[in-house]
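Just so it is clear: chains get the letters A, B, ... in the order the sequence lines come, proteins before strands, and each one is counted from 1.
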Amino acid sequence: MVGRRILSAELRCPRVLRGADPDEMSRQLAGRRIAEIRRYGKFIVVSLSRDRRSASDGYLTIHLGMTGRLLLGGAPGKHTHAILTLDRGALLYDDSRQFGRIQFSTEFPARIARLGPEPLEIPFEDFAAGLKGRKTRIKALLLNQDFLRGIGNIYADESLFRAGIHPMAIAGRIRGDRARRLYEAIGQVLREAIAAGGSSISDYVDAEGRKGFFQFNHRIYQHTGQPCVTCGTIVRRVLVAQRSSHFCPTCQKR
DNA sequence: ATCGGTACCTGCACGC
DNA sequence: TGCGTGCAGGTACCGA
């Protein structure tokens, strides 16, 4: 999409725009050219410029929430909230639960600047230092985007399972070998999930509409009531930070 | 400064 | 068949 020009923007759902005025946002987008697209954790930032040469003077920040989809072309549906018509093709935003959002700003968004490091880029020493002194539960910390960017409920559970750490363990008490195991597990899980094209539980598809298949490799997520793949103990579910957390009571220690 | 709880939506599976 | 309940890849905001 880089290099394409936005001819027009049809913004149908003010809720997804987080209260911004659809007409005003349409005016801002129309005529701008896509200069660069980058991902920051779960956020996608589309940098826009007025012409080919000039620096970016607009940013379209997109978050898919739980059920958001960005699709190249295709027919709009019941939950299509935005249609960007480009000089070649179209970009559609679809989101049944409307937890995702699309925002326009002329400055680089401050929220992005506050995100923690990329989990696949942070050195182990920094990760271990980040755990130090934290009184929160490790599951909640892994979901906190200011700690690390990009880890969600599935990959938090899968990482903790592989590391043998209980989701309710206090973050600051994970040190040495256990911290190292968690760090390695996060890297492993994310790399495997990316290679598998992500986890398609119900809605997720890539821009071409293809499902991922990492859901077939989940070892603990939504395995409640089934035997642990390692030891056979029945997998349990607890709430941590109001999120479902799946764990093996035998393999995962506080 | 940090933490937990709540609100925001729609759709689906389940039990009755 | 229809209805109520609980659950679902997330974040922002509030008060403690």
Would you mind reading off the distance between Q103(A) atom CD and dG10(C) atom P, rounded to a whole angstrom?
18 Å
Taking the inter-plane angle between the rings of F124(A) and F127(A) on a 0 to 90° scale, is it parallel (under 30°), tilted (30 to 60°) or perpendicular (over 60°)?
tilted
Is the phosphate of dG9(C), meaning OP1 or OP2, less than 4.0 Å from a side-chain N or O of K42(A)?
no
Sugar-phosphate only, base, or nothing, as touched by I201(A) at under 4.0 Å among non-hydrogen atoms:
base
Under 3.5 Å: donor-acceptor pair, side chain of R32(A), backbone of S47(A):
no
Could you measure the distance from the CD atom of E158(A) to the CD1 atom of I186(A)? Nearest 0.5 Å is fine.
12.5 Å
Where the side chain of Q145(A) meets the backbone of I151(A), is there a donor-acceptor pair that is under 3.5 Å apart?
yes
Please indicate whether R52(A) has more than 12 foreign heavy atoms, meaning atoms of other residues, nucleotides or ligands, lying under 6.0 Å from its CZ.
no
Over how many whole Å does the gap from M66(A) atom CE to dT11(C) atom C1' extend?
9 Å
Would you kindly give the CG-to-C1' distance between L190(A) and dG9(C), to the nearest whole Å?
13 Å
Pairwise P distance for dG9(C) and dC3(B), with rounding to whole Å
22 Å
Other residues, nucleotides, ligands: >12 heavy atoms within 6.0 Å of R173(A) CZ
no
Show the nearest heavy-atom pair for residues H218(A) and I154(A), with the distance to one decimal.
NE2-CG2, 3.4 Å
Without placing hydrogens or testing angles, list every side-chain donor-acceptor pair under 3.5 Å for residues 225-251 of chain A, not counting sequence neighbours.
| residue | atom | partner | partner atom | Å |
| --- | --- | --- | --- | --- |
| T233(A) | OG1 | T250(A) | OG1 | 2.7 |
| R237(A) | NE | S244(A) | OG | 2.7 |
| R237(A) | NH2 | S244(A) | OG | 2.9 |
| S245(A) | OG | K139(A) | NZ | 2.7 |
| S245(A) | OG | R243(A) | O | 3.2 |
| H246(A) | ND1 | D157(A) | OD2 | 2.8 |
| H246(A) | NE2 | Q222(A) | N | 3.4 |

Paired nucleotide for dA7(B) [Watson-Crick or G-U wobble; both distances under 3.5 Å]:
dT11(C)
Atom-pair distance (CZ on R237(A); C1' on dC7(C)), nearest Å
7 Å
Rounded distance in Å - CZ (R39(A)) to P (dG9(C)):
20 Å
Glycosidic conformation of dG9(C), taking syn as within 90° of 0 and anti otherwise
syn
Are OP1 or OP2 of dG10(C) and a side-chain N or O of R101(A) less than 4.0 angstrom apart?
no
Using a cut-off of 4.0 Å on non-hydrogen atoms, how would the nucleic acid contact of S244(A) be classed: base, sugar-phosphate, or nothing?
sugar-phosphate
Assign R111(A) to base, sugar-phosphate, or nothing according to its heavy-atom contacts below 4.0 angstrom with the strands shown.
sugar-phosphate
Measure from NE2 on H246(A) to P on dC7(C) and round the result to the nearest Å.
10 Å
Does D95(A) reach a base, just sugar-phosphate, or nothing at all? Heavy atoms under 4.0 Å.
nothing
With sugar-phosphate meaning primed atoms plus P, OP1 and OP2, does T136(A) contact a base, only sugar-phosphate, or nothing at under 4.0 Å between heavy atoms?
sugar-phosphate
Please state whether the phosphate of dT11(C), meaning OP1 or OP2, lies under 4.0 angstrom from any side-chain nitrogen or oxygen of R243(A).
no
Using whole Å, what does the distance between atom C1' of nucleotide dA12(C) and atom CG of L143(A) come to?
15 Å
Note: chain A reaches DNA chain B at heavy-atom distances under 4.0 Å over the stretch, first to last nt, 5' to 3', of dC3(B) to dG11(B)
Taking for each residue the nucleotide of DNA chain B bearing the nearest heavy atom, is the 5' side occupied by Q242(A) or by R134(A)?
R134(A)
Between D206(A) (CG) and dG9(C) (C1'), how many Å, whole number?
15 Å
